[in-house]
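Since we're looking at a predicted model, the values are computed, not measured.
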Amino acid sequence: MERVLVALSGGVDSSVAAALLKRRGYEVGGAIMVFEGIPCETVGRARAVAQHLNIPFYVFDFTVEFQRKIINNFIKEYKNGRTPNPCVLCNEYIKFNLFLKEAKRIGFTKIATGHYARIVKEDGRYLLKKGRGRNEQSYFLYRLKQRQLSETVLPLAFYTKKKVRKIAGDLGLPSQQSKKSHDICFIPGQKYGVYLKKVLSEKRGPILNKQGDLLGYHRGTIFYTYGQRRGIGVSGPYPYFVVGIDAKKNILVIGTKKEAYSSELIVSDLNFIPFDRLKKRLQVNVKVRYVSRAAGAVIEPLEKKRVQVFFNRRQWAPAPGQSAVFYQDGFVLGGGIIEKVIS
């Protein structure tokens, strides 16, 4: 019997994932990862789920590694005028790396999570496909390597959020009424500015338009991201949006809504899933943030392991530091970090 350790978060998705695996005959365990931002009550909810399902429960303390790999990178990116997505890196380095290693250490053969996505094997290679419904989460998993995919089970591959909540209710799971979290776990309430003020210094600087005209002064580039409208503090004949950040020169660039759209990107720090590297131009669909729709584009390989993205239609405010994820026929080809917005 295969032994699978489920990454429990105390939420409904991972709880139902564990229940489904147990129903399918796996020998199931549950474990929660502890690091900055994970309160005691969350650990208590995860423990209650494990007790309800009568499965062994473990606590893995990854505080040091999470600080080094995720939080430090988050701070560094904002300091450099970029907008990071820590959840993507957490999946790569923490959930599907450290968690997997700990699972193997205590005798489990595979791990499982509550992600809405699907892993399939074709021609000896593990592939990642989109999940069902609007809650599908393949965007967050594009950095997974072949070993990680081969040792992972995603029980919610064919389920919708509505169906998962019904299963939780039918089973009486303690997590059935838990709300979906929209926060970065170590910044409750999404109060990014408050958090960043504690770790980075504010430095007042000029606000320019694309023509280089001085329009005002900002309170620190760490408080802004591409496409932002509120909190700029500059009035004009039309609404202004952030269209550029030069952290080295401490300059914030604002413009019209039209100027916030872009048609070309440079993407680096790549990972591809069906193949090791991109060798030729491909027509794909690209998501530049989790909440955006995938848009038609051509990706073209560049030197230094980068790709250039040419969108069929201009896209709203792609932000350096965010992930651009490439799709084709429902499969995740891979993706990378947006290095530069060209136009």
Side-chain angles (χ1 to χ4, degrees), residues 1-22 26-75 84-117 119 137 140-156 164 168 173-175 178-181 183-188:
M1 182 182 298
E2 193 160 36
R3 303 188 71 211
V4 181
L5 186 65
V6 181
L8 293 176
S9 66
V12 66
D13 298 329
S14 60
S15 302
V16 171
L20 290 174
L21 287 173
K22 188 175 181 182
Y26 290 92
E27 184 178 341
V28 180
I32 189 168
M33 293 167 279
V34 176
F35 36 74
E36 183 175 334
I38 304 299
C40 293
E41 52 265 33
T42 297
V43 178
R45 286 197 301 270
R47 190 186 303 275
V49 168
Q51 290 174 343
H52 184 86
L53 295 174
N54 193 28
I55 61 176
F57 180 71
Y58 307 87
V59 178
F60 299 153
D61 188 346
F62 295 148
T63 303
V64 175
E65 296 90 342
F66 190 83
Q67 176 72 47
R68 182 169 57 87
K69 280 288 189 180
I70 310 304
I71 297 179
N72 289 353
N73 175 267
F74 179 86
I75 295 170
N85 188 327
C87 296
V88 167
L89 294 185
C90 182
N91 284 331
E92 178 182 8
Y93 293 117
I94 307 298
K95 293 180 182 177
F96 294 88
N97 183 28
L98 291 180
F99 186 87
L100 177 58
K101 288 179 180 178
E102 283 298 293
K104 290 293 190 71
R105 185 183 63 81
I106 59 178
F108 288 87
T109 55
K110 290 187 177 181
I111 63 170
T113 70
H115 285 96
Y116 292 86
I119 298 171
Q137 296 170 303
F140 295 108
L141 304 178
Y142 80 90
R143 299 184 70 83
L144 298 188
K145 310 299 188 291
Q146 286 295 299
R147 181 186 64 83
Q148 294 168 315
L149 291 167
S150 71
E151 297 177 331
T152 297
V153 182
L154 300 178
L156 306 187
V164 164
L173 290 173
S175 59
S178 64
K179 295 181 180 179
K180 181 179 178 181
S181 173
D183 298 344
I184 291 176
C185 61
F186 58 91
I187 308 179

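- Proximity of a side-chain donor or acceptor of Arg3 to a complementary backbone N or O of Gly107 within less than 3.5 Å is detected.
- Taking each heavy atom of Leu20 and Pro155 in turn, the nearest pair found is CD1-O, 3.9 Å.
- Here the straight-line distance linking atom CD1 of Ile75 with atom CD1 of Ile70 works out to 12.0 Å at 0.5 Å rounding.
- For the residue pair Thr42 / Arg45, a side-chain donor-acceptor distance below 3.5 Å is found, with atom types taken as modelled.
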**Request:** Dump the intermediate steps for side chain to side chain contact (heavy atoms under 4.5 Å, CB included) on Val6 and Tyr26, then the final yes or no.
**Result:** CA-CA 11 Å; Val6 181; Tyr26 290 92; over 6 Å; no

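- Cys90 SG to Phe74 CZ: the interatomic distance, rounded to the nearest 0.5 Å, is 13.0 Å.
- Separation of atoms OG1 (Thr152) and CZ (Phe99) is listed at 10.0 Å; rounding is to 0.5 Å.
- For the residue pair Ala103 and Ile111, the shortest heavy atom distance occurs at CB-CG2, 3.6 Å.
- Pairing each heavy atom of Leu156 with each of Asp13, the nearest pair is CD1-O, 3.6 Å.
- Put simply, the side chain of Tyr142 reaches to within 4.5 Å of the side chain of Val88, judged on heavy atoms.
- The closest donor-acceptor contact from the side chain of Lys110 to the backbone of Val153 lies at 3.5 Å or more, if one exists at all.
- A donor-acceptor contact shorter than 3.5 Å links the side chain of Gln148 to the backbone of Glu92.
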**Message:** Could you walk me through whether Phe96 and Leu141 satisfy the side chain to side chain contact (heavy atoms under 4.5 Å, CB included) test, starting with their C-alpha distance in whole Å, then the side-chain angles of each, then the deciding distance to 0.1 Å, before giving a yes or no?
**Reply:** CA-CA 9 Å; Phe96 294 88; Leu141 304 178; 3.8 Å; yes

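- With values rounded to the nearest 0.5 angstrom, Lys104 atom NZ is found 7.5 Å from Thr109 atom OG1.
- Between the side chain of Ser14 and the backbone N or O of Ser9 there is at least one donor-acceptor pair closer than 3.5 Å.
- Scanning all heavy atoms of the two residues, the minimum distance from Gly37 to Pro39 falls at O-CD, 3.1 Å.
- Of all heavy-atom pairs spanning Leu5 and Phe108, the tightest one is N-CD2, 3.5 Å.
- Sorted by first and then second residue, the side chain to side chain donor-acceptor pair (under 3.5 Å) pairs with a member in residues 54-65 read Asp61-Thr63; sequence neighbours excluded.
- Remark: of the listed residues Ile38, Val59, Ile94, Leu8, Ile94 is the sole one forming a side-chain contact (heavy atoms from CB on, under 4.5 Å) with Met33.
- Taking all atoms of both residues into account, the shortest heavy-atom contact from Ala17 to Gly114 is CB-CA, 4.2 Å.
- Partners of Glu36 under the side-chain contact (heavy atoms from CB on, under 4.5 Å) rule, at least two apart in sequence or in another chain, are Gln67, Ile71, Phe186, Tyr195.
- Atom CG of Leu144 is separated from atom CG of Leu149 by 5.0 Å, given to the nearest 0.5 angstrom.
- Here CZ of Phe62 is found 11.5 Å from CD1 of Ile32. Values are rounded to the nearest 0.5 Å.
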